[in-house]
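A short write-up of the structure that comes next.
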Amino acid sequence: MSKPSIPKGTRDFLPQVMVKRNYIFDTIKSVFQTFGYLPIETPTMEKTETLMGKYGEEGDRLIFKVLNSGEFLNKSNKEAFTDNNSIRFANSIVEKALRYDLTVPFARFVVQNRNEIDLPFKRYQIQPVWRADRPQRGRYREFYQCDVDVVGSESLLYEVELIQIFDKVLSSLKLEDFTIKINNRKILSGLVEVVGESDKLIPITVAIDKLDKIGEEGVVKELREKEVSESAIEKLKPILTISGSNENLLEAVSLIVSSSEIGVKGIEELTEVLEMVKSLGLDKAKLEFDPSLARGLNYYTGAIFEVKANNVNIGSICGGGRYDDLTSIFGMKDLSGVGVSFGADRIFDVLEELDLFPKELLSSTQLMFANFGKLEAKQSMKWLKELRAHGIPSEIYPDNSKMKKQMTYANNKNIPFVALVGENELANNSITLKNMETGDQNSYTIKELVIFFNATRF
RNA sequence: GUGGUUGUAGCUCAGUUGGUUAGAGCACUGGUUUGUGGUACCGGGGGUCGCGGGUUCGAAUCCCGUCAUCCACCCCA
């Protein structure tokens, strides 16, 4: 048998990593709940028809498909097989797939459970998703998304609320320098309408989205490759070059799209959101209107968001937007939704790189009893029971090993205190407490110990 | 899916124009210290050099294939 290993782009998580991951999840959950969102879960697998076609052509390719069980070959499309038609053949032997994100399953969930929920429905969902992408820095094939969404309201108050959630979560995680980028798909629609290329909305937005990566020239080159007319490119150029405050940008863009009804609507929405956020104030977040922000997911129709950690070379750590039509695909019309997603794994990488995890996360056990033999261990167990009854995380070394070995174990586990209970302590009913940081040792009774640990609790 | 990079000890890596028994640091382990870790000193274990084939008297080193990895593109959390 070869060395055991796990599939490409997946990971094992050791305890010292899990405590950090849980710190992120706990922070996110508590913020979500203070904004009035409640948890749901959906299955790991969805029917392929639920997922396919919702993420664009590229997305379909990246969906992990689950082979049918049993004698699937009997029911397979052999014609498609001999024709070398992979897609049609795959459809005949696959009817389930791993979820690609949490938003589309959520839309399905809302429609399916419409009679059990009240609108507007506010939910959060923290679960892994899978993408058959090639792994690289900050990109995994299995990763967690933490989604907050609300469906059943067109109110822009929710856009504001989600911006506040971005700010609150990331500020709570001690991130100092991050930017929330915001744009509105209606503005982009107005833009392509004004330049006379309405049918090329997607290729144009995808090209514009790459501005900060490939620069103005790169975008123009890509637009030409997508057969966008020269006159349209000329009209789009200001979008690529203008800069300044949110207000200045709004004014400039609003002039460009003024002849488009939908474009003007987008400007109005964005203006309202920006003004409200400005009057409420943000903690650490910077909020920037970025006319070149587009985002690849096809279902967005209104506001779109993306959050980047500054000074860290990793893609966006959060994203989201408003989708007016997602539930209609599943048969429920006129149900607007808006939501955002936190990329827990990327946030982890950012906090790790910036060394922002609290250091007390590393130790859970506060006190370890050294083991001096059977009698001593028996007494230590009694005292342990009492300490644990008071909620003090404590443990005992399992064997009467050499002190050096026991101490090394405590040291490696970052246990701050070791209790020494040997022959002498047993005789006078005391506990010698060693502080592993300073090396100081003092004698205590069990009562004093409980008081000591309750007092030093955070 | 396209292009490139790198595979040597548990981890990070060195290894000269191909030449005897493949090295270092960290980690692990034993001792100096049989009731004291984190610092010091001495010792020890651990490697089919990713895998398969080829060239050669001789391959970790050169060639071909393959798998894995990382990076860029595409796309995205």
Side-chain angles (χ1 to χ4, degrees), chain A residues 2-3 5-9 14 24 28 55-63 86 99-103 126-147 166 202-203 205-207 209-210 213-214 218 222 225 293-298 300 304-309 312-321 339-350 368-373 376 397 400-426 432-441:
Chain A
S2 57
K3 272 189 193 169
S5 61
I6 56 179
K8 192 198 296 251
L14 293 166
I24 294 175
I28 288 175
Y55 309 103
E57 208 177 313
E58 191 69 15
D60 282 357
R61 214 191 70 212
L62 299 178
I63 292 172
S86 310
R99 76 170 92 80
Y100 178 90
D101 73 352
L102 301 179
T103 307
I126 299 181
Q127 289 189 274
V129 304
W130 292 267
R131 295 182 189 177
D133 216 346
R134 273 219 194 168
Q136 50 183 272
R137 180 182 164 84
R139 175 183 290 183
Y140 309 96
R141 289 185 144 186
E142 177 183 58
F143 62 96
Y144 272 75
Q145 288 193 330
C146 312
D147 274 32
F166 277 140
I202 303 229
T205 52
V206 167
D209 196 42
K210 292 178 193 162
K213 204 176 220 173
I214 59 179
E222 178 154 339
E225 280 164 13
L293 176 66
R295 296 188 58 77
L297 265 42
N298 289 341
Y300 293 123
I304 42 181
F305 308 102
E306 193 161 290
V307 182
K308 293 204 72 175
V312 182
N313 179 25
I314 203 161
S316 55
I317 54 176
C318 309
V340 300
S341 181
F342 288 76
D345 299 86
R346 284 193 177 172
I347 292 172
F348 182 98
D349 290 346
V350 168
M368 184 192 85
F369 280 78
N371 191 324
F372 285 85
E376 291 87 343
Y397 195 85
N400 181 11
S401 308
K402 289 187 175 147
M403 259 322 102
K404 182 183 171 97
K405 193 170 179 184
Q406 302 197 30
M407 287 293 184
T408 304
Y409 177 80
N411 206 51
N412 289 346
K413 273 191 78 172
N414 279 305
I415 296 171
F417 294 96
V418 170
L420 300 163
V421 178
E423 215 176 322
N424 300 339
E425 286 83 357
L426 214 51
T432 299
L433 187 70
K434 180 184 174 83
N435 181 324
M436 292 297 279
E437 200 174 327
T438 62
D440 295 345
Q441 290 187 195

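Below, all heavy atoms of this structure are taken into account, side chains as well, without hydrogens, waters or symmetry copies. In what follows, every chain begins at residue 1, and chains take the letters A, B, ... in the order their sequences are listed.
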Could you check whether A/Gln136 gets within reach of a base, just the sugar-phosphate, or nothing at all, counting any heavy atom under 4.0 Å? base
Under 4.0 angstrom, heavy atoms only, what part of the nucleic acid is A/Thr408 near: base, sugar-phosphate, or nothing? sugar-phosphate
N/O donor-acceptor pair under 3.5 Å between A/Arg346 side chain and A/Ser316 backbone: yes
Within less than 4.0 Å of OP1 or OP2 of B/rC28, is there a side-chain N or O belonging to A/Asn412? yes
Considering just the side-chain nitrogens and oxygens of A/Gln441, establish if one lies under 4.0 Å of OP1 or OP2 belonging to B/rU36. no
Once hydrogens and angles are ignored, does a donor-acceptor distance under 3.5 Å link the base of B/rU36 to the side chain of A/Lys434? yes
Whether the side chain of A/Asn411 and the base of B/rG37 hold a donor-acceptor pair under 3.5 Å is what I'd like checked. yes
Any protein N or O atoms within reach of nucleotides 1-3 of chain B? Criterion: under 3.5 Å, listing atom names and distances.
| from | atom 1 | to | atom 2 | distance (Å) |
| --- | --- | --- | --- | --- |
| B/rU2 | O4 | A/Arg134 | NH1 | 3.1 |
| B/rG3 | O6 | A/Arg134 | NH1 | 3.1 |

So what does A/Gly59 hit on the nucleic acid, given a heavy-atom distance under 4.0 Å: a base, only sugar-phosphate, or nothing? nothing
If I pick the P atom on B/rA24 and the same atom on B/rA9, what distance separates them, to the nearest angstrom? 14 Å
Are OP1 or OP2 of B/rG37 and a side-chain N or O of A/Lys413 less than 4.0 angstrom apart? no
The ring pair (Phe, Tyr, Trp, His ring centres under 6.0 Å) partners of A/Tyr140 (sequence neighbours excluded) come to none
Side-chain N,O (A/Lys210) to OP1/OP2 (B/rC74) below 4.0 Å: yes
Distance check, rounded to the nearest 0.5 Å: A/Glu306 atom CD versus A/Phe166 atom CZ? 9.5 Å
side-chain N/O A/Lys8 vs B/rU69 OP1/OP2, d < 4.0 Å: yes
Stacking check: are the rings of A/Phe143 and B/rA77 less than 5.5 Å apart at their centres and under 30 degrees in tilt? yes
I'd like the P distance from B/rC76 over to B/rU16, given in whole Å. 46 Å
Taking Watson-Crick (N1-N3 plus N6-O4 or O6-N4) and G-U wobble (N1-O2, O6-N3), each under 3.5 Å, can you produce the dot-bracket string of RNA chain B? Use [ ] for crossing pairs and | for inter-strand ones. ((((.((..((((.....[...)))).(((((.......))))).....(((((..]....))))))).))))....
Report yes or no: does A/Arg99 contribute a side-chain atom to a donor-acceptor pair with the main-chain N or O of A/Pro128 at less than 3.5 Å? yes
Give one of base, sugar-phosphate or nothing for A/Cys318, where a contact means two heavy atoms less than 4.0 Å apart. sugar-phosphate
Using the C1' atom as the point on both nucleotides, what is the distance between B/rU12 and B/rG19, in whole Å? 29 Å
